[in-house]
Amino acid sequence: MTHATAPLEGELAIATAAAKDAGAAVRDLYERATARRYTKHDGSPVTDADLAADRIIRRALGDAFPGDAILTEEGADDPTRLGAARCWIVDPIDGTQQFVDRTGEFDVLIALVAGDRPVVGVLYQPVTGTLLAAADGLGAWIERAGERRPLCFAPVPSSAVPRLATSFWFGAPDNLPLLQRTADRLGGGTPIASPLGVSVRGFVPPDHPADALIGIDVGGRTTMAWEWDLAAADVLAREAGGLVTDVWGRRHRYNKPDPRNVGGIVLSVDPETHRRVLAALRPEVGDPPEPLAN
């Protein structure tokens with residue numbers, strides 16, 4: 001008797017294996033401290049580890065799914081991806097500066113976008129071997145220390161005050177007064193600022209320090225994130241019970257001609273918390289711009 005493979009199971013398996021293989025190469029270079037550092041045209045760092053991971057992931061995805069497009073942070077953007085039904089969006093190392101600073105807080109991110117929506121997401125932390133994976137309709141799970149279990153965010157009780165966080169990559173520290181006002185509307189608490197980006201690892205119970213991450217810039221930037229920063233987190237959060245939108249509650253779109261997302265970021269652990277956070281933010285952000293910019 002044969003069993004049919006559920007949709008996206010094959011894609012998830014390939015993406016998971018590619019993330020682990022890339023992560024092994026990254027971990028080797030990290031432990032040997034031999035990765036050379038370069039500076040990209042925008043002033044951000046890139047290392048031999050980023051480039052090695054990029055090659056491994058491109059080869060794995062290209063061999064398994066030759067008809068799919070691939071967009072990675074470290075690769076040249078091929079505009080033919082815009083005509084593809086499916087596009088893999090990859091950040092070979094999310095947190096290159098953390099790699100350089102030797103904090104261990106960096107991840108390999110792989111997502112599959114169908115149309116304009118992410119349907120597969122994988123996060124692999126090379127230093128600890130922690131894996132988070134999800135696919136549309138299949139749920140999410142976490143694997144670490146040889147144990148695999150379902151990944152489910154912990155909803156915030158309606159009587160509790162959601163804990164807010166932001167990131168130095170997404171507006172902190174300049175946005176902290178705005179977020180404090182938002183926290184006050186929710187009932188209090190002091191927002192924290194993280195050195196990480198949109199890392200779903202920070203929302204894994206029971207030790208998660210925040211219930212919602214808000215990325216909002218008060219200095220005039222219309223965009224703070226590339227698609228490869230958000231795509232994996234988007235599907236991982238959704239399948240774990242949370243939500244990712246912009247600050248007006250609009251979902252981000254992916255595989256766009258300009259692969260950046262505008263409108264800020266709100267990641268919450270459950271839909272009701274997301275609604276509460278958006279309502280508390282509204283006095284700060286006003287009505288959404290029209291037409292939909294992202």
Q: Name all residues meeting the side chain to side chain donor-acceptor pair (under 3.5 Å) criterion together with S167; count only those two or more places apart in sequence or in a different chain, and write none if there are none.
A: none
Q | Sequence neighbours excluded, every pair satisfying salt bridge (charged side-chain N to carboxylate O under 4.0 Å, His left out) that has a member inside residues 131-146 | A | K20-E143, R117-D136, D136-R238
**Q.** Pairs meeting criterion ring-ring contact (aromatic ring centres under 6.0 Å, His included) with involvement of residues 187-219, two or more places apart
**A.** none
Q) So which pairs with a foot in residues 31-69 pass ring-ring contact (aromatic ring centres under 6.0 Å, His included), sequence neighbours left out? A) F65-W88
Q: Could you pull out all residues at least two apart from W228 that satisfy ring pair (Phe, Tyr, Trp, His ring centres under 6.0 Å)?
A: W226
Q: Quick one: list whatever passes side chain to side chain donor-acceptor pair (under 3.5 Å) with D91, sequence neighbours left out.
A: none
Q: Can you sort out the partners of A69 under side-chain contact (heavy atoms from CB on, under 4.5 Å), two or more places apart, ordered by chain and number?
A: R81, A84, C87
(Q) Strictly by side-chain hydrogen bond (donor to acceptor under 3.5 Å, both in side chains), give each pair with a member in residues 183-195 just once, sequence neighbours left out. (A) Q180-D184, R185-E284
Q: Scan residues 49-58 for pairs that pass salt bridge (charged side-chain N to carboxylate O under 4.0 Å, His left out), counting only residues two or more places apart or in two chains.
A: D54-R58
Q.
Going by side-chain contact (heavy atoms from CB on, under 4.5 Å), name the residues that satisfy it together with D78, two or more places apart in sequence or in a different chain.
A. T80
Q: For residues 101-150, pull every pair meeting ring-ring contact (aromatic ring centres under 6.0 Å, His included), keeping only residues two or more places apart or in separate chains.
A: Y30-F106, F99-F106
Q. According to the ring-ring contact (aromatic ring centres under 6.0 Å, His included) rule, which pairs have a member within residues 142-193, sequence neighbours left out?
A. none
**Q.** Donor + acceptor pair across side chains of H274, T245 (<3.5 Å)
**A.** yes
